[in-house]
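Below, read A as the first sequence line, B as the second, and so on, with proteins coming before strands; counting in each chain starts at 1.
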Amino acid sequence: MNGLLRPVLVIVWKDLLLELRSKDLVVSVLVFGLLVVLVFNFALNNAPGRSEELAPGILWAAFAFAAVMAMNRAFVRDQEQGGLEGLLISPVSRDAIFLGKALTSLVFMLLVEAALLPVYAVMLNFSALSFNLVLTIFLGTLGFAVVGTLFSAMAVQTRSRELMLPVLFFPVVLPVIIASVEASTRAVGGETFIGLGRWLPLIGVFDAVFLVICPWIFAFVVEE
Amino acid sequence: MTTLIGEAVQVRQLEKSFGEWPVLWDLDLSVPWGQTLVLFGANGAGKTTLLRILATHVRPDHGSVAVAGHNLRARPDAVRRRIGVVGHRSLLYDDLTCQENLVYYSRLFGLKDHKPRVDEVLEKVKLGDRAGHLVRTLSNGMQKRAAIARAILHQPDVLLMDEPETGLDRESVAILDELLAEWTASGRSVVMTTHDLDLGLSWGHRAGVLRGGKVHFPGTDSHGGKDENGDGAIRQAVTAALEAGR
Amino acid sequence: MASSQSLTSPSSRMPSAKTVMAAITGVMMVINLYLIFMVAPTDSVLGHVQRVFYFHVPIAIMSFLAFFVVFAGSVMYLITRSPKWDAVAHAAAEVGVVLVTLALITGIIWARPVWNTWWTWEPRLTTTLILWLIYVAYLMVRSYAPTQSKGAIYAAVMGIVGFVDVPIVYYSVVWWRSIHPSPVVGPFAQADALDGTMALVLLYSFITFVFFFVYMVMERMSLRSMEEALGRIRFTLRRSGR
């Protein structure tokens, strides 16, 4: 385990250091997240009294689009001077590279979501102080990060890569979006953990299945 | 340094094509320890592909490849620990300093006590005073030197260099000269490609020409080398072989 | 001379098997049409529109089978790296996308008169739509990849991830519908009401579409094997030329 965890953390440390220096990813995704809420608020005519019903949907639409934005950038820095190639010719296993990149994306997205959530709670008038809501956001974002990292590694190599990622990403993560919206609706409504029903287990199954498959497949994606 | 077994590089019947483009076929090559092999060849002859295969980055279609005594297919991670790679790109992050880049690579290689080692290699390529500078602020020649520092960081036994002379100024060439001499004197090996005939012949113990998917050793039957034949004869033979390939 | 033999043998053998298959499929399809329009009784409630059902159900089932073939071909391709498996997966995906498209269109034709709506977020329909999107992405990523071999790998990735995802999509939509009910029932609800002749016609139609699918895949694969034979000729020329 130690042999896998160490390089994963080294990769995360490197990406965080790079992001700390430029801040461009987190800041631009944050601004994007605010704009999405603005657009949905008016597109769905979010009048007072309807917030309870609309807020979880708007929340997850914003998170899903923000995830695509962030994932699109996941491998860009590793592409510039061949950083990914440097990783591939180091003795670090492909699994560790995948998990490192996925963990980086998870951390970035959780940071953005942590900043957006209180703002959304105020703007959309719901209570964000719910363990169940936070747990839902964590599990849903984990699913986004795992699948998104795999597809991002492919999309970054293709023509029109910015367009390719959503085409690959959205159909596959649809169950996560459905389940996250349903679980969040109940969490915001004050339901207990049991009251969330099968939605959290559904996201859990999705996360587990793709955490097993994606590292294996990633090795094929990056080979020449 | 670990004990050096077998040959530095041992390639048998190597074959590689990209789709319907054949690049290398029936390629045999061996590089003994303590030698520098310089590969010449026209653009598109497959020099970079061959180096990238030796660097475990491109997977061969057929044939067996062993680098530093380890079979590439069976033990790619063992090979990766024993090679240092200098490619066209620096493999460094522009927005990290030289030192941060090298610390990052030391950790990837799991080096213990890496701080003094990082300082040591930076001194070796005469970038000690630039350790804290972002890579993007360095000149091309300095970035190349930083890339060389990165390649030798984990004390590999085989150095793979793809056209290392590009972007190097006179000072950097002198640094590389010294490094290569020291490298082979200690029994380690180098495989490099180059377009520069003068530099290549001055660096190489042997000169090969990549043509028609294979490595040829012009001017000699099997064991070429400037020491036996003298510089002039080899230069003529290499030039002739390159011309024949056009 | 061994190489020239391997160049000609697949292309000389393929057409004969393919032609036989084409003939069988053609005859079966004509009989199928006759059975559907002449033999099968007119539905007492729905009228002639119900006959769409004999196309829709076999096509929809075949499209799901097609993507099982894509999945199996993709896994085998990643493991063996033999282009044959990629060819199987690629052909099945192309035919599958056509079948899913047909399934969606016949579904819409069915839905309008029977359910009085063009579209409903019913689990089977929604899953079919997602399936369609996933395999369109499969074909897109293949053609947008930097090289052909990378395209084959990326497509295989989508073939595997997509197939594994489909059951999860299905259950998420089923559960979603159980709390957001809409007043519609799936096409299989009608299957209970089938009389004996109807069931036999449906069974025959299904077998016909199995043959249709196999024939289309063979056709697509023989096209690709011709492309590859041409590629091998160019390959040999390039080797000897240099």
Side-chain angles (χ1 to χ4, degrees), chain A residues 53 57 143 146-183 185-186 196-210 212-214 216-224, chain C residues 67 71 74-81 85-86 100 121 123 126-180:
Chain A
E53 172 192 340
V146 171
V147 173
T149 301
L150 178 71
F151 287 154
S152 177
M154 281 165 39
V156 77
Q157 299 263 352
T158 59
R159 280 183 284 131
S160 63
R161 61 179 183 212
E162 316 262 297
L163 293 175
M164 202 63 235
L165 183 59
V167 168
L168 297 168
F169 181 75
F170 280 125
V172 174
V173 298
L174 186 80
V176 176
I177 296 178
I178 293 177
S180 299
V181 171
E182 294 300 334
T185 307
R186 283 163 184 69
L196 298 187
R198 344 182 216 202
W199 297 112
L200 280 189
L202 182 76
I203 310 176
V205 166
F206 182 96
D207 292 355
V209 165
F210 287 103
V212 171
I213 297 179
C214 291
W216 174 66
I217 295 184
F218 180 75
F220 298 105
V221 169
V222 291
E223 99 182 5
E224 295 280 326
Chain C
F67 292 118
F71 169 71
S74 298
V75 171
M76 290 309 290
Y77 176 67
L78 288 189
I79 292 171
T80 64
R81 225 37 88 72
W85 287 111
D86 181 51
V100 179
W121 295 99
T126 311
T127 308
T128 309
L129 178 67
I130 296 297
L131 199 67
W132 187 82
L133 287 168
I134 286 176
Y135 292 103
V136 167
Y138 172 99
L139 296 177
M140 273 177 77
V141 78
R142 178 186 286 278
S143 58
Y144 282 35
T147 63
Q148 222 171 17
S149 56
K150 286 225 147 186
I153 290 173
Y154 292 178
V157 168
M158 199 59 192
I160 293 169
V161 170
F163 185 81
V164 171
D165 197 43
V166 163
I168 309 182
V169 171
Y170 180 75
Y171 280 106
S172 65
V173 184
V174 169
W175 292 343
W176 182 81
R177 261 221 357 137
S178 68
I179 42 170
H180 301 269

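The stretch residues 137-147 of chain C places C:Ala137, C:Met140, C:Val141, C:Ser143, C:Tyr144, C:Ala145, C:Pro146 near chain A, each with some heavy atom under 4.5 Å from a heavy atom of that chain. Contacts with chain C (heavy atom to heavy atom, under 4.5 Å) involve these residues of residues 157-164 of chain A, listed by number: A:Gln157, A:Thr158, A:Arg159, A:Ser160, A:Met164.
Electrostatic pairing of A:Glu223 and C:Arg81 counts as a salt bridge here, judged by a charged N lying under 4.0 Å from a carboxylate O.
No side-chain heavy atom of A:Leu174 sits under 4.5 Å from any side-chain heavy atom of C:Ser172. For the pair A:Phe210/C:Val161, a side-chain contact is recorded, criterion being any heavy-atom separation below 4.5 Å from C-beta on.
Closest non-hydrogen pair, A:Trp199 versus C:Trp175, comes out as CH2-CB, 3.5 Å. Taking both residues in full, the closest heavy atoms of A:Pro171 and C:Ile134 are given as CB-CG1, 3.7 Å, listed atom of the first, atom of the second, then distance.
For chain A, the nearby part of C:Ile153 is the side chain; its heavy atoms alone come within less than 4.5 Å. Contact of A:Val167 with chain C is made through backbone and side chain together, with heavy-atom distances under 4.5 Å. Looking at C:Leu129, there are no atoms closer than 4.5 Å to chain A (heavy atoms on both sides), in backbone or side chain.
For A:Arg198, there are no side-chain hydrogen bond (donor to acceptor under 3.5 Å, both in side chains) partners at least two apart in sequence or on another chain.
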Criterion side chain to side chain contact (heavy atoms under 4.5 Å, CB included) on A:Leu168 and C:Tyr154, from CA distance to verdict: CA-CA 11 Å; A:Leu168 297 168; C:Tyr154 292 178; over 6 Å; no
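Atom NZ of C:Lys150 and atom CE of A:Met154 lie 10.5 Å apart (nearest 0.5 Å). One finds the CD1 atom of A:Ile217 at 4.5 Å from the CD1 atom of C:Ile160 (value rounded to the nearest 0.5 Å).
Residue pairs that meet the ring-ring contact (aromatic ring centres under 6.0 Å, His included) test with at least one member in residues 148-172 of chain A, sequence neighbours left out, are A:Phe65-A:Phe170, A:Phe144-A:Phe169.
The candidate with the highest count of non-hydrogen atom pairs below 4.5 Å against chain A, out of C:Val166, C:Val169, C:Leu133, is C:Val169. Ranking C:Val157, C:Val164, C:Leu131 against chain A, the residue ahead of the rest is C:Val157, based on heavy-atom pairs under 4.5 Å. Ranking A:Ile178, A:Val181, A:Val209, A:Val205 against chain C, the residue ahead of the rest is A:Ile178, based on heavy-atom pairs under 4.5 Å.
Few gaps surround CZ on A:Phe220; more than 12 heavy atoms of other groups in view lie less than 6.0 Å from it.
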